[in-house]
Each structure stands twice: as C-alpha cells, then as structure tokens.
Amino acid sequence: MDSEAHKKRKSGLILSNPKPCTLSVGSKKHYVCGYFAAFTNIAVTFPIQKVLFRQQLYGIRTRDAVRQLQKDGFRNLYRGILPPLMQKTTTSALMFGLYEDFSSLLLRHTNAPELVTRSVAAVLAGTTEALLTPFERVQTLLQDYKHHDRFRNTFRAFKVLQPYGIREYYRGLVPILLRNGPSNALFFGLRSPIKQSLPEAKSYSANLINDFICGGLLGAMLGFTFYPINVVKARMQSQIGGNFMSFGKVLMIIWTERDGKLTHLFRGAHLNYHRSILSWGIINATYELLLKLL
C-alpha cells in the first residue's frame, strides 16, 4: 500500500495539501432579480425611449419627435422592443450578478481597499455587458424611421447586417465601453451612500420608495452625465456599411451640425433625465424587492 501510494505521489497523481481552485459565485438570485427588474422597466418606458432616441439622432424637439411617433401609428409604437428586451434584461442580469461575483472574487484574492475593489468589479461587469452590443445596434436601426421599410423585424435586421461581417454588429462599441464601465462604478459606489442619506424607512413601503428614489436620482445623474456619449453612439449605430469613424470624429461632426452649441448637443437630455428617474427607480426598487422575496 505504501509503495503504491509512493508511486502515485511520484507520478503527480496525488498532491500534498491541495488547494481547491474554486470560484466564489454569488447566488443566482442577483441575476434573476436583475433580469426581471429590467423587464419591468422596458415594458413601462419603451415609448418614452423612442421619443428620446429620435431626439438624439436628429436633434429635434420633443413635440416633433412625438409627432413622428404619432405618424408612425400605434402599430409601430413598440416596434423594436425585442432587442432592448433581450439586451437590457440580459445586461441588467449581468450588471448586478457579475458585480456581486467579481466583488466576491476580488475581495477574497486581493488586498486592495474595498472601494477600489468594488469599483474594478463594476467596471468589469460593465465591460462584459458590452458583449451584447449587437442587440443595441439592431435596436438603433429599428427605432430609426428611415429604416422602417428595410427592416420588418429584429431577425430581419440581424440578417441584413450579416454580409457586412461581425464587426458591423459591434459598430458603436467604443462609446458603449466608455459609458458602461464608469457608469457602473458610479452607480454601485453611490447607491448605498445616497440611500443612507434618505430618511430612515420604518415600513416596507417606505423602504421601497427609498429604493426608487435612490435608483432614480442615480439614473438621472448618470443619464445626464453620459448623454453626449449616447448621442454619438446613436449616430454611429444608425449607419450601415461604410467606414468606421472614430468616436472623436463623429462627435465633431455632430458638434458642427448642431452649430457648436452645447445645448444642442444635449437636446433631449431633459426627457432622458425624467425617463432615467423612472427607469432606474423601477429597476432599483424592483431589484431590491425581488432580492428580499427570493
């Protein structure tokens, strides 16, 4: 027996004091809660998002964007909802789930301050979300009325882009990366301090309201801060084929078209501000509610 064991140790079949190589993965409920939080949000706010998108893309006023949607008719009101429904639910699940997993992993294996560790975890989660850029790309095409006749549905849009290669699906990736990582870090970093600064919740409903206010304030702030990046993203992703212009070049083109005025670059930001309050209020409150229920 001893001889056999000696041979196995020599051949490497048995290691002394083995260290288990396990990844501390957070509970799946963070992914599930993030998924359904985003589902609820998209169902409620999609029409508002369409008005905002038209303003970002064409620099028009709110009433003109609303008139465009009225002209399109109710049948087209929820046109293009499938890509954001697929993309936002998945990215929200990844955002909350991966943040918890990366945080747990980094806190166990690094000695960096917790603030730094959690910020890195948030950036990593946001970067991972960018893998789903094709859904955001197709959503842009479906929401642009200029492509209504060309793209009947989501699957048709994916098929039309196929001949252009995989790179075409990821057009606009740079602004998405510039937006996702930093916005995630700010969201998770400021969420607890903001909630703690609110009046203490002494009931279940009051706690839900605090979660809504916390998420809404953060969403509005981040939505306004990163609004110009989304304007550039919308312009880049509305193009099919042709050269891939840099983020800076597209920004300068838009800046010139809008008379070099910052207010014109932020056209639609007020609607985005109100939409973000509603969207992120719903997401944060729903997420925290489901987290308690599961």
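Just so we're clear, the structure is a prediction, and the values are computed from it rather than from any experiment.
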J.: At what distance, to the nearest 0.5 angstrom, does OG of S276 lie from CD1 of I48?
T.: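 It comes to 10.0 Å.
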J.: Taking all non-hydrogen atoms of both residues, which atom of A65 and which atom of Q55 are closest, and how far apart?
T.: CB-CG, 4.0 Å
J.: Apply side chain to side chain contact (heavy atoms under 4.5 Å, CB included) to K195 and N207, showing your working.
T.: CA-CA 10 Å; K195 187 173 182 179; N207 191 60; 3.4 Å; yes
J.: Which distance, rounded to the nearest 0.5 Å, do you find between the CG of N284 and the CG of N41?
T.: 11.5 Å
J.: Has F247 got more than 12 heavy atoms of other residues, nucleotides or ligands less than 6.0 Å from its CZ?
T.: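 For F247, atom CZ is crowded (more than 12 foreign heavy atoms under 6.0 Å).
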J.: Test of understanding: clusters of I, L, V, M, F, W, Y form through side-chain heavy atoms closer than 4.5 Å, transitively. Do V232 and Y227 belong to the same one?
T.: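 V232 clusters together with Y227.
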J.: When you compare the side chain of P84 with that of F135, does any pair of heavy atoms fall below 4.5 Å?
T.: no
J.: To the nearest 0.5 Å, what is the distance between CD1 (I283) and CD1 (I42)?
T.: 7.0 Å
J.: May I ask you to decide if the ring planes of F188 and F96 are parallel, tilted or perpendicular, using 30° and 60° as cut-offs?
T.: perpendicular
J.: How about R137 and Q237: does a side-chain donor come under 3.5 Å of a side-chain acceptor?
T.: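 No, Q237 and R137 have no side-chain donor paired with an acceptor closer than 3.5 Å.
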J.: With no hydrogens and no angle check, do the side chains of H30 and Y287 hold a donor and an acceptor under 3.5 Å apart?
T.: yes
J.: Looking only at heavy atoms, what is the nearest atom pair of R267 and G59, with distance?
T.: NH1-O, 2.7 Å
J.: Think R171 forms a cation-pi with F244, using NZ or CZ under 6.0 Å from the six-ring centre and within 45 degrees of its axis?
T.: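 Cation-pi check for R171 and F244: passes.
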J.: To the nearest 0.5 Å, how far apart are CG in L265 and CG in L251?
T.: 6.5 Å
J.: Is it the case that the ring center of F36 lies less than 6.0 angstrom away from the ring center of Y31?
T.: no
J.: Would you say M95 ends up clustered with L131 if hydrophobic residues are merged whenever their side chains have heavy atoms under 4.5 Å apart, either directly or through other cluster members?
T.: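 Looking at the clustering, M95 is in a separate group from L131.
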J.: Measuring from N180:CG to T128:OG1, what's the distance to the nearest 0.5 Å?
T.: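 Result: 10.0 Å between the selected atoms.
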J.: Membership question, hydrophobic clusters at under 4.5 Å side-chain separation (ILVMFWY): are L291 and L294 in the same one?
T.: no
J.: Look at R191 together with E288 and state whether they make a salt bridge at an N to O cut-off of under 4.0 Å.
T.: yes
J.: Is any side-chain N of the basic residue among E136 and K88 closer than 4.0 Å to the acidic one's carboxylate O?
T.: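 No.
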J.: Is there a side chain to side chain contact (heavy atoms under 4.5 Å, CB included) between L69 and R54? Walk through the geometry before answering.
T.: CA-CA 9 Å; L69 293 185; R54 298 288 175 88; 3.9 Å; yes
J.: Side chains of Y99 and R118: does their closest heavy-atom pair fall under 4.5 Å?
T.: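 Of all side-chain heavy-atom pairs linking R118 with Y99, at least one is under 4.5 Å.
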J.: Between N184 and E129, do the side chains contain a donor N or O and an acceptor N or O under 3.5 Å apart?
T.: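 Yes, side-chain donor-acceptor contact under 3.5 Å.
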J.: Run L222 and R179 through side chain to side chain contact (heavy atoms under 4.5 Å, CB included) and show every step you take.
T.: CA-CA 9 Å; L222 296 176; R179 177 197 66 193; over 6 Å; no
J.: Hey, can you tell me if Y35 and F39 have their rings parallel, tilted or perpendicular (30° and 60° cut-offs)?
T.: parallel
J.: Count the heavy atoms of every other residue, nucleotide or ligand shown that sit under 6.0 Å from OH of Y169, and state whether that count exceeds 12.
T.: yes
J.: How far does CG of L132 sit from CG of L94, to the nearest 0.5 angstrom?
T.: 6.0 Å
J.: Just wondering, more than 12 heavy atoms not from K292 lying within 6.0 Å of its NZ?
T.: yes
J.: Are the charged groups of D64 and R67 less than 4.0 angstrom apart, N to O?
T.: yes
J.: Take atom CG in D259; do more than 12 heavy atoms of anything else shown fall under 6.0 Å from it?
T.: yes
J.: For W280 together with F212, are the ring centres under 6.0 Å from each other?
T.: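 Centroid distance F212-W280: not below 6.0 Å, so no.
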J.: Would you check if Y273 and F266 make a side-chain contact, meaning some heavy-atom pair closer than 4.5 Å?
T.: no
J.: When you look at E100 and K28, which way does the salt bridge (Lys or Arg N to Asp or Glu O under 4.0 Å) test go after all the steps?
T.: CA-CA 10 Å; E100 294 295 333; K28 291 181 181 179; over 6 Å; no
